[in-house]
J.: 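Mind looking over this structure? Questions follow.
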Amino acid sequence: MPRPAASSVGRPIAVTASDSTTRSALVQFLLRLGDDRLVLGHRLSEWCGHGPILEEDIALANIALDLVGQAALLLDLAGATEDAGRDGDALAYLREAIDYRNVLLVELPKGDFAFTVVRQFLFSVAAYYQLEGIARSTQTDLAGIAAKALKETRYHVRHAGEWVIKLGDGTDESHARTQSALDGLWRYTGEMFQTDAVDAALVGAGLVPDLTTVEPRWLAQVTDVIERATLTIPAAGYMQRGGRSGRHTEHLGIMLAEMQILQRSYPGAKW
Amino acid sequence: MADDHSAAPASVATTSRDGQWPLWEVFLQPPRGAPFEHAGSVHAVDAESALQNARDVYARRGEAVNIWVVPTTAITASTPEDVGPFFDPGNDKPYRHPQFYSVPRGVRVY
Amino acid sequence: MPDSPDAVREFEARIAAGETIEPKDWMPDRYRKQLIRMMSQHAHSEVVGMLPEGNWITRAPTLRRKLGLLAKVQDEAGHGLYIYCGTETLGIDRAELVDQLLAGKAKYSSIFNYPTLTWADIGAIGWFVDGAAIVNQTMLAKASYGPYARAMVRICKEENFHKRQGYEIMATLSAGTPEQKRIAQDAVNRWWWPSLMMFGPSDKDSPNSAELTRWGIKRKGNDELRQRFVNLTVGQAVAIDLVLPDPELRHDAETGNWHFGPIDWDEFTRVVHGDGPLNRERLAARQDAHRAGAWVRDAAVAHAAKRAAAADAVAKSAAA
């Protein structure tokens with residue numbers, strides 16, 4: 001299969017971030033976006049061959065393919081921006097867990113089907129509003145990737161949202177499982193909207209629009225679907241965080257050990 | 001042409017044993033304005049899910065710009081007994097075809 | 001009620017004239033049964049076939065390989081679905097077919113009972129198993145039963161990338177480090193003979209072949225297809241410097257074919273009858289997925305019923 005079109009290892013890239021602070025902020029930002037998608041895509045791909053019905057096996061694989069495809073583009077761009085000789089594969093396969101920048105939400109084990117679709121929904125709605133902003137970035141490579149990802153994400157929201165409603169307002173068992181998934185996941189959602197110096201530097205340089213409006217829009221849409229699903233939004237509480245600075249759960253290291261085994265076992269080999 | 005499932009009365013309309021979902025026929029419109037074509041079928045509990053499943057199953061490679069899904073039970077199909085009365089009369093009307101009419105040699109009609 | 005000889009004669013005349021049989025057309029009961037058996041086995045094979053390759057999705061060595069493999073295994077699900085859908089036109093539910101598989105009553109291609117031990121197995125499966133499947137399915141695309149033939153046309157179109165992907169993986173490994181080359185050759189050694197077995201027993205020992213051929217479900221014999229696959233593959237192996245594990249392999253100038261050594265049909269029979277390396281594990285994996293998904297399928301049905309009832313209530317109150 002052809003490499004995603006915009007994938008560009010080795011292509012000289014016109015990074016508009018001229019000074020080194022902005023450049024390294026952009027690298028971090030790209031790693032965050034890329035790692036979120038790689039890790040979640042990987043988790044989804046674990047369903048392949050084990051879905052609840054054939055049609056859904058195919059649907060989950062489609063979403064996984066979209067996410068890993070987005071990750072490949074973003075990590076390649078991160079590597080090119082960093083300009084230290086690392087491409088997307090080097091970033092994906094040769095970084096330690098403490099170097100990964102994804103939110104904790106996406107690295108949790110796939111759980112049951114309710115856990116998978118609730119997580120997908122919570123993530124995809126946030127991703128949708130983030131990408132909508134990022135698609136207006138003055139960094140044209142990033143804007144291009146975001147525009148492509150936005151279309152894919154719109155479908156992910158629709159698909160996962162339909163499932164949340166079906167499962168929430170289905171049988172007693174599906175309702176209980178879905179509420180339990182939502183309760184377990186809720187404390188990992190705050191990290192998606194956490195901002196720090198990386199975001200500030202990029203907003204200041206005009207590379208990325210201010211994304212502080214994402215959270216209220218996310219909450220409005222999530223609340224609407226949760227209510228239609230006859231589920232209850234969990235009470236506000238402490239929000240887990242740490243992924244953006246490499247402080248992960250124990251699950252990520254195990255996932256990476258599996259994912260990276262060939263690259264780690266055969267250093268320098270071509271695949 | 002449609003793969004007619006109406007020979008399969010047990011499989012449609014109602015959710016049968018073990019949570020089997022109803023069957024829907026999928027029609028895709030290929031790009032560039034071509035007519036819709038039957039692609040196959042999917043199982044789904046409602047029209048929206050049928051549409052999504054059809055998209056994921058039958059349009060993974062950009063095969064379509066439009067999708068129709070129709071409950072299999074909603075399709076009325078001609079039967080093998082209809083073949084004679086339905087289609088044979090169409091085979092002896094040569095005046096419906098352009099070749100029936102002659103034009104002077106060398107004249108371009110189109 | 002037995003099929004009337006006249007009707008059977010007329011049916012066979014249609015097939016001989018190259019006509020396609022469609023779902024509502026009259027067909028001998030035996031034709032319907034043979035098709036259901038053959039098509040459902042084919043569909044089961046696609047679905048069980050997701051498991052050996054799915055085993056490596058989380059360990060694919062690059063992002064490009066991860067995307068390619070995931071897309072491929074997803075295609076297998078799609079192909080299973082297309083063929084189940086074609087089988088349902090014969091008057092049988094997919095749920096019933098799946099039950100037969102899960103109960104261990106239905107067969108599927110034996111090759112999927114072998115384990116994928118290294119990444120090279122993913123290459124070997126794409127190259128050999130999909131290569132063999134393409135040879136077989138290209139023939140089935142001309143099958144007399146319309147829905148089956150149409151599913152095969154769609155599948156053949158999609159499956160070409162599978163074989164190329166597998167061959168590319170093998171070529172890369174073979175040209176790689178000594179250790180990569182070693183796992184590539186090892187995978188070839190393990191997958192070659194089971195791939196030849198995929199075409200089924202020799203026609204003279206195949207109980208169904210004559211009938212399937214007479215009814216235009218199969219257009220070519222097992223031996224002919226197997227030979228075609230061997231002829232295609234020998235040159236491909238040479239080109240990437242891998243050795244097919246058959247000391248008898250030699251070109252026969254007279255027939256133009258590559259002669260190959262005897263196939264171990266005892267092994268084939270043993271694996272078909274449940275004693276392959278992973279028969280139990282493959283079935284257990286499908287049973288687990290089905291069982292774990294039951295509440296999901298039920299929830300979707302329950303929700304649809306609620307929505308329909310609500311829509312009904314709205315319609316009634318509007319009418320009132």
Side-chain angles (χ1 to χ4, degrees), chain A residues 1-4 7 38 41-42 44-58 60-62 64-65 68-69 71-72 75-76 87-89 92-93 112-114 117 163 165-175 177-178 255 258-263 265-266 268-271, chain C residues 47-78 80-81 84 94 98 118-119 161 164-165 169 172-173 175-177 179-180 285-286 288-290 292-304 306-307:
Chain A
M1 76 167 271
R3 185 125 206 193
S7 184
L38 176 57
H42 183 102
L44 275 180
S45 78
E46 293 171 351
W47 278 99
C48 191
H50 308 279
I53 190 166
L54 219 36
E55 279 84 351
E56 190 55 27
D57 227 308
I58 297 170
L60 290 179
N62 259 355
L65 283 167
V68 177
L75 294 179
D76 271 345
D87 62 8
D89 281 336
Y93 288 92
D112 66 4
F113 187 71
V117 297
W163 267 118
I165 294 170
K166 280 196 190 95
L167 297 182
D169 189 20
T171 61
D172 289 346
E173 179 180 4
S174 69
H175 180 87
R177 283 175 181 266
T178 313
M255 193 199 104
E258 185 177 359
M259 189 178 101
Q260 298 178 338
I261 182 164
L262 288 172
Q263 290 278 357
S265 308
Y266 302 77
K270 297 274 175 290
W271 298 96
Chain C
V47 172
V48 177
M50 297 171 75
L51 298 170
E53 291 177 281
N55 181 35
W56 280 89
I57 290 172
T58 54
R59 290 177 286 172
T62 67
L63 295 173
R64 177 171 179 265
R65 291 286 179 224
K66 199 179 189 69
L67 290 166
L69 180 58
L70 180 54
K72 186 200 164 185
V73 182
Q74 180 197 41
D75 271 352
E76 313 292 1
L81 201 150
Y84 279 130
R94 186 168 95 194
V98 170
T118 70
W119 171 250
F161 109 73
R164 287 178 70 116
Q165 168 171 259
I169 289 172
T172 308
L173 292 175
T177 66
E179 184 62 4
Q180 285 179 305
R286 289 310 310 157
D288 288 350
H290 191 73
W295 69 268
V296 177
R297 297 189 297 275
D298 291 344
V301 171
H303 179 75
K306 285 184 193 180
R307 261 192 205 178

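Just so it is clear: chains get the letters A, B, ... in the order the sequence lines come, proteins before strands, and each one is counted from 1. This structure is a prediction, so every number in the text was calculated from the model and none was measured.
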J.: Do you know which two heavy atoms are closest between C:G293 and A:P52, and how far apart they sit?
T.: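 Residues C:G293 and A:P52, closest heavy atoms: CA-CB, 3.6 Å.
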J.: Heavy-atom distances under 4.5 Å only: say whether A:N62 touches chain C with side chain, backbone, both or neither.
T.: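 Both backbone and side chain.
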J.: Can you tell which part of C:T177 gets under 4.5 Å to a heavy atom of chain A, answering side chain, backbone, both or neither?
T.: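 Side chain only.
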J.: Do C:W56 and A:L262 come within less than 4.5 Å of each other through their side chains, counting heavy atoms only?
T.: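 Yes, their side chains come closer than 4.5 Å.
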J.: Looking at chain A, which one of C:P61, C:G176, C:A304, C:A285 has the largest number of heavy-atom pairs inside 4.5 Å, strictly under?
T.: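 Looking at each of C:P61, C:G176, C:A304, C:A285 in turn, C:P61 comes out on top.
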J.: Working to the nearest 0.5 Å, report the span between NZ of A:K270 and CG of C:L173.
T.: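 It comes to 13.0 Å.
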J.: To the nearest 0.5 Å, what is the distance between SG (A:C48) and CD (C:Q74)?
T.: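 Separation between the atoms: 7.0 Å.
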J.: Please check this pair: side chain of C:R286 against backbone of A:G49, looking for a donor-acceptor N/O pair closer than 3.5 Å.
T.: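 Answer holds: yes.
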J.: Would you say that A:H50 contacts C:D288 through its side chain, given a criterion of any heavy-atom pair below 4.5 Å between the two side chains?
T.: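 Of all side-chain heavy-atom pairs linking C:D288 with A:H50, none is under 4.5 Å.
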J.: Need one label for A:I261: side chain, backbone, both or neither, based on atoms under 4.5 Å from any heavy atom in chain C.
T.: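 The side chain, not the backbone.
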J.: Between chain A and each of C:A289, C:A302, C:A299, count heavy-atom pairs under 4.5 Å; write down the option with the most.
T.: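 Among C:A289, C:A302, C:A299, the one with the most close pairs to chain A is C:A299.
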J.: Rounded to the nearest 0.5 Å, how far does CH2 of C:W295 lie from CZ of A:F113?
T.: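 Separation between the atoms: 7.5 Å.
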J.: Which answer fits C:R65, side chain, backbone, both or neither, if we ask what part of it has an atom under 4.5 Å from a heavy atom of chain A?
T.: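 Side chain only.
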J.: At a heavy-atom separation under 4.5 Å, does A:W163 approach chain C through its side chain, its backbone, both, or neither?
T.: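 A:W163 touches chain C through side-chain heavy atoms alone.
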J.: If you look at every heavy atom in A:S45 and C:L70, which pair is closest and at what distance?
T.: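 Minimum heavy-atom separation between A:S45 and C:L70: CB-CD2, 4.0 Å.
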J.: Does any backbone or side-chain atom of C:V48 lie under 4.5 Å from a heavy atom of chain A? Answer side chain, backbone, both or neither.
T.: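 Contact with chain A is absent: no heavy atom of C:V48 under 4.5 Å.
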J.: Looking only at non-hydrogen atoms, find the nearest pair between A:G69 and C:L67 and report the distance.
T.: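 Nearest pair, atom of A:G69 first, then C:L67: N-CD2, 3.6 Å.
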J.: Report yes if the side chains of A:L38 and C:L63 come closer than 4.5 Å at any heavy-atom pair, otherwise no.
T.: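 A side-chain contact under 4.5 Å exists here.
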J.: Any side-chain heavy atom of A:D169 within less than 4.5 Å of one from C:R307?
T.: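 In short, these two side chains do not touch, never coming nearer than 4.5 Å.
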J.: Given a strict heavy-atom distance threshold of 4.5 Å, which part of C:I169 is in contact with chain A: side chain, backbone, both, or neither?
T.: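 For C:I169, no heavy atom lies under 4.5 Å from chain A.
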J.: Please look at A:A92 and chain C and tell me whether the side chain, the backbone, both or neither of the residue comes under 4.5 angstrom of a heavy atom of that chain.
T.: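 Answer is side chain: those atoms of A:A92 sit under 4.5 Å from chain C.
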J.: Evaluate the criterion side chain to side chain contact (heavy atoms under 4.5 Å, CB included) for residue pair A:D89 and C:R64; output intermediate values, then yes/no.
T.: CA-CA 9 Å; A:D89 281 336; C:R64 177 171 179 265; 5.6 Å; no
J.: With side chains defined as the heavy atoms from C-beta onward, is the minimum distance between A:Q263 and C:T62 less than 4.5 Å?
T.: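 They are in contact (side-chain heavy atoms under 4.5 Å apart), so the answer is yes.
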J.: So C:V301 and A:K166, do their side chains get closer than 4.5 Å, heavy atoms only?
T.: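 No - every pair of side-chain heavy atoms lies 4.5 Å or more apart.
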J.: Quick one: what part of C:A292 sits under 4.5 Å from any heavy atom of chain A, side chain, backbone, both or neither?
T.: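 Neither part; nothing is under 4.5 Å.
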J.: With a 4.5 Å cut-off on side-chain heavy atoms, are A:M259 and C:T58 touching?
T.: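 With C-beta onward as the side chain, the pair stays apart.
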J.: Between C:K66 and A:E258, is there a salt bridge with N-O shorter than 4.0 Å?
T.: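 The answer is no: the pair does not qualify as a salt bridge.
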J.: What I'd like to find out is whether the side chain of C:R94 reaches to under 4.5 Å of the side chain of A:L54, using heavy atoms alone.
T.: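 A side-chain contact exists here, since the closest heavy-atom pair is under 4.5 Å.
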J.: So does C:Q180 get a backbone contact from the side chain of A:Y266, meaning a donor-acceptor N/O pair under 3.5 Å?
T.: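 Here the side-chain-to-backbone pair does not exist.
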J.: Does any heavy atom of chain C fall under 4.5 Å from the side chain of A:E55, the backbone, both, or neither of them?
T.: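 A:E55 touches chain C through backbone and side-chain heavy atoms alike.
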J.: How long is the straight-line distance from OG of A:S265 back to CZ of C:R59, given to the nearest 0.5 Å?
T.: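 Reported to 0.5 Å precision, the distance equals 10.5 Å.
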